[in-house]
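Contents: one structure, followed by commentary.
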Amino acid sequence: MLGDYVRRKIARALALFEGPAVNQYTGLSPVFAILNAALTDAGNMPIELFDACASASRMTVGYGARGDCPTAEQDPLIADFLHRVREAGADILAHDPATRDMLEKRHAITGNNALVEAGGEVVEAATKIADQAEGRLATMLPDDAATATNPDADPEARKDASFRLASRLLRIAKIGAAAGAGGAAIIVGTKEVIEALPVITASPYYQTALDAILRWLGL
């Protein structure tokens, strides 16, 4: 079941801070509390698990900005934690229509137009990644980016494209980080792709696109 799968991913994210390491990250205690509460409540719906992941992501970034804990740029463990929590949230969105519908309703209330506002960077990031990809991903990524950033696109088509795009670019961020650390050969294949991804994911246009996606998802 989706809930059990996501709980396992959240548990693995929390496990990064087990043992002596937890004493170095006391500033993240409220984040750990939110995720642990989500794990222990077996009755949580996917939307509630998503909200826990979103809160954990936003709080971790906020605490880093305030100096209560290292930032993802300063600490690979924090970066890995954020990747895992955000991926868990993205997995819920990918597989639970009710959560997607709720997020869409929230967007309608708040006027969340982050993907359109960063449309140029989102399309550029998708195009650059597609240039290094092959098969269906190379074809769909630019198409989804064009639809997701077009305010005049059919609303249903735009919604579907936005969720596909967000999920894929979040995963690309994780793969790019692994490639930069020399650990993504099995994931992405060729030497050229391994070398290209960290350059793409470190670029200003990709970072702007990723920030827009995170704001759009509430992560």
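We count residues from 1, following the sequence as given. Keep in mind that the numbers below use all heavy atoms, side chains included, and drop hydrogens, waters and symmetry copies. Note that the structure is predicted; figures quoted are calculated from it, not measured.
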Assess whether side-chain contact (heavy atoms from CB on, under 4.5 Å) is satisfied between Thr71 and Gln74, documenting all intermediate values.
-> CA-CA 5 Å; Thr71 65; Gln74 295 167 335; 3.1 Å; yes
Glu104 bridged to Lys159 by N-O distance under 4.0 Å = no
What distance do Thr60 atom OG1 and Leu82 atom CG have between them, rounded to the nearest 0.5 Å?
-> 5.0 Å
Within-4.5 Å side-chain heavy-atom neighbours: Pro30 and Met59 | yes
CG-CG distance between Asp75 and Asp80, expressed to the nearest 0.5 angstrom = 10.0 Å
Do Val116 and Leu214 sit in the same hydrophobic cluster, where Ile, Leu, Val, Met, Phe, Trp and Tyr count as joined when their side-chain heavy atoms come under 4.5 Å apart?
-> no
Value for CZ (Arg7) from OG1 (Thr40), rounded to nearest 0.5 Å, stands at 9.0 Å
Hey, mind stepping through Leu219 and Ile213 against side-chain contact (heavy atoms from CB on, under 4.5 Å) and telling me if it holds?
-> CA-CA 8 Å; Leu219 288 170; Ile213 285 168; over 6 Å; no
Hphob cluster co-occupancy, Val123 + Leu210, side-chain heavy atoms under 4.5 angstrom | no
With distance as the sole test, does Ser167 use its side chain to make a donor-acceptor pair with the main-chain N or O of Phe163 at under 3.5 Å?
-> no
Hey, is the main chain of Gly218 close enough, under 3.5 Å, to the side chain of Arg58 for a donor-acceptor pair?
-> yes
Under the side-chain hydrogen bond (donor to acceptor under 3.5 Å, both in side chains) rule, what pairs show up with a residue in residues 113-130, not counting sequence neighbours?
-> Asn113-Arg158
All side chain to side chain donor-acceptor pair (under 3.5 Å) counterparts of Asp160, not counting sequence neighbours | none
At what distance, to the nearest 0.5 angstrom, does CG of Asp51 lie from OG1 of Thr99?
-> 8.0 Å
Report yes or no: does Ser203 contribute a side-chain atom to a donor-acceptor pair with the main-chain N or O of Ile200 at less than 3.5 Å?
-> yes
Are Met140 and Tyr206 connected in a single hydrophobic cluster, I mean Ile/Leu/Val/Met/Phe/Trp/Tyr linked by side-chain heavy atoms less than 4.5 Å apart?
-> no
Decide side-chain contact (heavy atoms from CB on, under 4.5 Å) for Thr26 and Asp68; before the verdict, give the C-alpha distance in whole Å, the side-chain angles of both, and the deciding distance to 0.1 Å.
-> CA-CA 8 Å; Thr26 55; Asp68 295 334; over 6 Å; no
Glu87 vs Leu170, side-chain contact (heavy atoms from CB on, under 4.5 Å): CA-CA, chis, key distance, verdict = CA-CA 7 Å; Glu87 190 174 80; Leu170 279 178; over 6 Å; no
Backbone of Pro204 reached by a side-chain donor or acceptor of Gln207 within 3.5 Å | no
Do the side chain of Tyr63 and the main chain of Pro70 share a donor and acceptor less than 3.5 angstrom apart?
-> no
Measure the CG-OG distance between Leu93 and Ser162 for me, rounded to the nearest 0.5 Å.
-> 11.5 Å
Does Phe32 offer a backbone N or O that forms a donor-acceptor pair with the side chain of Asn36 under 3.5 Å?
-> yes
Carboxylate-amine/guanidinium contact Arg100 Asp96, below 4.0 Å | no
Lys/Arg-Asp/Glu bridge criterion (N-O < 4.0 Å) met for Asp101, Arg106 | no
Ring geometry between Phe17 and Phe81 (parallel below 30°, tilted from 30 to 60°, perpendicular above 60°) = perpendicular
Distance (rounded to the nearest 0.5 Å) between Leu16 CG and Ile78 CD1 = 9.5 Å
Of all residues at least two apart in sequence or in a different chain, which pass the side chain to side chain donor-acceptor pair (under 3.5 Å) check with Asp154?
-> none
